[in-house]
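Okay, structure first, notes after.
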Amino acid sequence: MRLFLSVRVRFAPSPTGSLHIGGARTALFNYLFARSQGGKFILRLEDTDFERHQEEAEANILESLRWLGLEWDEGPDRGGPYGPYRQSERLELYQQEARRLLEAGLAYPCYCTPEELAAERERMRREGKVPRYSGRCRNLSPEERAELEAKGIRPALRLKVPAEGQIVVSDLIRGEVVFDCSTLDDFIIMKSSGVPTYNFACVVDDAHMKISHVIRAEEHLSNTPKQLLVYRALGYEPPAFAHVPMILAPDRSKLSKRHGATGVEEFRAQGFVPEALLNYLALLGWSPGDEQEIFSKDELIARFSLEAVSKHAAIYDIQKLTWFNSQYLNLLPLERLYELALPFFRQAGLGEEIERAERDYVLQVLATVRSRARTLVELVDMSSYFFRDDFAYDPKGVDKFFRRPGVAELLKEGKEALSRISSFDEASIEAAYRRLIEEKGIKGGDLIHPTRLALTGRTVGPGLFEIMALLGKERCLARLERAAQWIEENI
RNA sequence: GGCCCCAUCGUCCAGAGGCCUAGGACACCGGUCUUUCAAGCCGGAAACCCGGGUUCGAAUCCCGGUGGGGUCACCA
């Protein structure tokens with residue numbers, strides 16, 4: 001690994017939507033690389049497309065990154081030595097740099113209208129040719145230019161691309177990738193509106209922000225020769241490049257909205273915890289080389305390297321993400337779990353109950369239930385009867401356990417047995433129940449199953465005696481009574 | 001279509017010429033534990049895209065084919 005004086009990497013999303021998992025992983029790799037190298041992780045917003053810009057998108061993306069725990073050292077919200085960090089606020093810089101190229105004769109104004117260009121492209125395509133700009137405006141005489149200017153046409157600016165030669169992209173993940181200049185055309189660097197295009201703004205910013213490594217998705221590999229041309233024209237030393245493989249949808253196509261949940265925000269809403277998503281994403285396209293799967297953020301930082309990033313695209317698998325999530329639900333400190341689950345309790349209408357309950361009680365509930373939940377949504381759902389009494393009985397459970405003759409009476413006997421216990425702990429409860437089971441000469445399940453239904457409304461859940469001890473004597477007795485009555489009235 | 005990238009179980013990864021009878025994980029199937037459901041534990045099925053080379057020896061190197069992906073805008 002080469003040692004750089006100062007590693008500076010950036011994540012540069014365009015605020016046109018929410019952060020999807022591909023972007024999140026790119027951000028993560030940048031973050032891990034920066035942290036592992038003692039460098040800086042910079043956030044920059046590429047918001048030069050005013051048409052597609054979405055007001056909420058910026059806040060949304062920042063929030064998703066924060067939620068994932070990818071804190072940045074410099075960015076639009078916190079500034080830094082090379083700001084501003086929004087391209088829309090750096091327009092003078094691009095114009096200044098563009099002027100330099102114009103004056104040096106490395107770029108030229110183009111007066112073609114978008115319509116003309118589109119028509120030209122279309123014609124070339126129809127003729128089976130590769131659509132490339134003809135270079136029509138490249139050799140305009142000063143008189144012709146003056147004439148067009150006089151008509152009031154605002155030109156775009158194009159970079160002069162050499163007709164021959166090769167551009168070599170040296171990529172940390174892919175090695176040397178060679179592009180022939182003949183496949184490129186004089187591309188636009190400044191739109192007629194005075195706003196830079198991506199390939200220009202990106203280079204100007206990376207150079208001015210002293211970016212040492214550009215780590216981005218593979219879809220940008222084909223743009224890189226153009227950007228290298230811009231570096232050359234501007235006289236800047238290019239950074240190192242690392243193009244990470246794409247994340248594909250299960251049908252092998254590029255991720256889009258129609259593939260269900262692909263946004264960080266959506267996963268969050270579905271009850272995934274950031275630790276799990278981060279861990280899952282890290283292992284999608286990167287491998288530590290051994291068989292460990294669960295990594296804390298610090299472990300990831302310690303072990304990450306760009307060399308170990310794979311070359312081929314990965315298909316994301318919601319099932320494996322779900323597995324990671326269930327692992328973390330069991331691994332996380334209870335306090336952390338509480339914090340993460342709270343919004344979901346509120347959403348389920350249990351906010352008040354949670355706040356009224358003893359913190360310790362809530363933590364015990366979470367500890368009891370968590371091995372069964374795969375998401376926070378499930379966790380909350382499985383906890384609900386610990387916080388409210390007015391649940392309904394599962395109809396299938398009713399058919400199975402409440403329709404047996406004598407169940408109401410049995411439940412009352414159970415209640416009776418429980419009422420005599422002085423210390424309402426798990427062992428005493430079980431002892432009392434086992435005694436009753438023996439006395440009645442029934443099977444354990446004959447009492448246990450109807451009791452669980454009476455106490456929780458459900459047929460599945462944690463061990464019954466665990467549930468009872470947690471609920472406490474009073475609530476157990478009340479719920480058994482309620483169930484016995486319900487059976488007498490409804491069956 | 002041109003250019004570029006890629007190719008190991010269904011999916012994510014390991015493998016950097018002999019350690020491969022190809023390893024792990026998810027999912028799947030079976031068993032175990034058990035008051036239910038999970039979790040856990042044990043076991044099973046499941047892959048080197050094809051064809052040529054190079055080599056004593058190739059999943060690993062080279063070439064070709066095929067397949068998949070990306071990109072070709074006054075989008076980023």
Side-chain angles (χ1 to χ4, degrees), chain A residues 12-16 46-49 51-52 87 110 112-114 117-118 121 125 128-133 154-158 169 171 173-174 177-180 182-185 187-199 201-202 217-226 243 245-246 248 250 252-254 280 283-294 308 310-324 326-327 329-330 369-374 378 382 397 401 430 433 437 443-449 451-453 458-465:
Chain A
S14 99
T16 50
E46 309 225 325
D47 58 348
T48 54
D49 184 354
E51 311 250 308
R52 292 203 306 166
Q87 292 190 327
C110 170
C112 303
T113 65
L117 294 169
R121 257 199 311 276
R125 220 185 285 275
K129 285 191 273 196
V130 182
R132 290 174 73 235
Y133 175 61
R154 296 268 59 116
L157 209 61
R158 286 183 187 270
V169 177
D171 190 281
I173 296 173
R174 280 150 223 288
V177 183
V178 182
F179 294 86
D180 215 293
S182 63
T183 62
L184 270 28
D185 63 0
F187 56 94
I188 290 175
I189 56 175
M190 291 292 275
K191 306 178 203 174
S192 53
S193 58
V195 175
T197 57
Y198 166 72
N199 283 127
C202 170
E218 194 191 341
E219 54 187 321
H220 292 293
L221 185 55
S222 319
N223 282 318
T224 312
K226 290 184 185 177
H243 287 93
M246 311 257 317
L248 268 25
R252 307 206 119 273
S253 69
K254 208 174 168 179
Y280 173 69
L283 259 30
L284 205 56
W286 170 78
S287 162
D290 62 20
E291 274 149 17
Q292 187 177 339
E293 299 247 44
I294 302 292
S310 72
K311 291 177 165 71
H312 54 270
I315 295 169
Y316 86 94
D317 178 12
I318 189 87
Q319 301 208 89
K320 183 128 188 193
L321 205 210
T322 304
W323 176 78
F324 270 106
S326 58
Q327 293 293 307
L329 255 24
N330 283 290
V369 151
R370 64 167 160 182
S371 74
R372 267 157 275 258
R374 295 176 306 172
E378 287 182 3
M382 290 169 175
F401 305 120
E430 177 154 13
Y433 245 47
I437 287 161
K443 282 185 292 181
D446 293 340
L447 177 59
I448 287 167
H449 295 312
T451 303
R452 172 181 284 105
L453 188 60
R458 311 183 186 205
T459 57
V460 299
L464 180 66
F465 306 117

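Just so we're on the same page: letters track the sequence lines, and every chain starts at 1.
One can place CG of Leu453(A) at 14 Å from C1' of C37(B), the figure rounded to the nearest angstrom. Regarding Arg452(A), its CZ atom lies at a distance of 15 Å from the P atom of U34(B), rounded to whole Å.
Residues passing the side chain to side chain contact (heavy atoms under 4.5 Å, CB included) test with Lys443(A) are Asp446(A), sequence neighbours excluded. Taking the side chain to side chain contact (heavy atoms under 4.5 Å, CB included) definition, one finds that Pro155(A) meets it with Pro109(A), Tyr111(A), Glu149(A), sequence neighbours left out. With sequence neighbours left out, Pro131(A) forms a side chain to side chain contact (heavy atoms under 4.5 Å, CB included) with Arg121(A), Arg125(A). For Asp47(A), the side chain to side chain contact (heavy atoms under 4.5 Å, CB included) test picks out Pro15(A), His53(A), Arg86(A), Gln87(A), Ser88(A), with sequence neighbours left out. Applying the side chain to side chain donor-acceptor pair (under 3.5 Å) rule to Gln327(A) yields no partners; only residues at least two apart in sequence or on another chain are considered. For Arg372(A), the salt bridge (charged side-chain N to carboxylate O under 4.0 Å, His left out) test picks out no residue, with sequence neighbours left out. Shown here are the ring pair (Phe, Tyr, Trp, His ring centres under 6.0 Å) partners of Phe179(A), two or more places apart in sequence or in another chain: there are none. For Asp317(A), there are no side chain to side chain donor-acceptor pair (under 3.5 Å) partners at least two apart in sequence or on another chain. By the ring pair (Phe, Tyr, Trp, His ring centres under 6.0 Å) test, Phe401(A) pairs with His449(A), sequence neighbours left out.
Contact of Arg372(A) with C37(B) (side chain to base): a donor-acceptor pair of N or O atoms is detected under 3.5 Å.
Closest-nucleotide positions on RNA chain B for Thr459(A) and Gln319(A) were compared, and the one nearer the 5' end corresponds to Gln319(A).
With 3.5 Å as the limit, one finds no donor-acceptor pair spanning the side chains of Asn199(A) and Thr197(A).
For Asp317(A), taking side-chain heavy atoms from C-beta onward, the closest of the listed nucleotides A39(B), U35(B), C26(B) is C26(B).
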(message) Generate the contact string for nucleotides 64-76 of chain B. Rules: B means base contact, S means sugar-phosphate contact only, - means no protein heavy atom under 4.0 Å.
(response) ----SSBS-SBBB

(message) Counting primed atoms plus P, OP1 and OP2 as sugar-phosphate and everything else as base, spell out the protein contacts along nucleotides 18-24 of chain B at 4.0 Å heavy-atom distance: B, S or - for each nucleotide, 5' to 3'.
(response) -----SS

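In this structure, His312(A) reaches the C13(B) phosphate: one of its side-chain N or O atoms is under 4.0 Å from OP1 or OP2.
Under the Watson-Crick or G-U wobble criterion, with both distances below 3.5 Å, U21(B) has no partner in any strand shown. G30(B): Watson-Crick or G-U partner is C42(B), with both key distances under 3.5 Å. Nucleotide U71(B): paired with G2(B) (Watson-Crick or G-U wobble, both distances less than 3.5 Å).
In this structure, Val169(A) reaches neither bases nor backbone, as no heavy-atom distance under 4.0 Å exists between it and the strands shown.
When all heavy atoms of Leu248(A) and Ala313(A) are compared, the pair lying nearest together is CD2-CB, 3.6 Å.
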Could you pull out the protein-nucleic contacts involving nucleotides 40-42 of chain B (nitrogen or oxygen on both sides, under 3.5 Å)?
unit_1, atom_1, unit_2, atom_2, d
G40(B), OP1, Gln327(A), NE2, 3.4

